[in-house]
Amino acid sequence: MTKIVHALYGDLITNAINQVAAFVNTYPREIVILQFSTNAANIMSAAATATLRASIKATFGPLLASNSLGPTVHIGTLWKANHRVIVIF
């Protein structure tokens with residue numbers, strides 16, 4: 001069970017992902033960037049990271065922007081393809 005940790009308390013990451021999904025569904029013109037620091041100081045195991053990635057893929061599916069779009073992709077291209085969630089690990 002992966003949690004978001006800030007100070008001494010952290011909520012479940014799945015709760016945060018679901019909140020972002022609700023936001024993206026409510027505001028279809030918004031582009032959302034999610035950045036995760038999973039490997040710094042071995043914070044998460046490889047299995048936990050794989051579970052997190054699978055959860056993100058299951059939640060956002062076709063809304064996820066592909067790496068093949070590259071770092072110079074334009075917002076119009078993302079809107080046209082309906083890729084509105086960018087994930088950085």
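By convention here, the first residue in the shown sequence is residue 1.
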Validation row: [X], [Y] side chains within 4.5 angstrom (heavy atoms):
X: Phe36; Y: Thr49; result: no
X: Phe89; Y: Leu34; result: no
X: Ile86; Y: Val32; result: no
X: Phe60; Y: Val87; result: no

hydrophobic_cluster_shared for [Y] and [X], side chain cutoff 4.5 Å:
X: Ile31; Y: Val73; answer: yes
X: Ile13; Y: Val24; answer: yes
X: Leu64; Y: Ile88; answer: no

Rounded to the nearest 0.5 Å, how far does [atom2] of [Y] lie from [atom1] of [X]?
X: Ile56; Y: Leu63; atom1: CD1; atom2: CG; result: 13.0 Å
X: Leu12; Y: Asn18; atom1: CG; atom2: CG; result: 10.0 Å
X: Leu78; Y: Arg29; atom1: CG; atom2: CZ; result: 11.0 Å

- [ ] Compare every heavy atom of Pro28 with every heavy atom of Asn25, then report the nearest pair and how far apart it is.
- [x]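 Looking at all heavy atoms of both residues, the closest pair is O-CD, 4.4 Å.
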
Task: Pairs touching residues 11-31 that satisfy ring-ring contact (aromatic ring centres under 6.0 Å, His included), sequence neighbours left out - done: Phe23-Tyr27

Task: Any pair counted as side chain to side chain donor-acceptor pair (under 3.5 Å), so long as it reaches residues 70-89, sequence neighbours left out - done: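 Qualifying pairs, neighbours excluded: Asn82-Arg84.
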
Task: Where at least one partner belongs to residues 54-70, residue pairs that pass side chain to side chain donor-acceptor pair (under 3.5 Å), sequence neighbours excluded - done: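 Pairs touching residues 54-70 that pass the test: Ser66-Ser68.
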
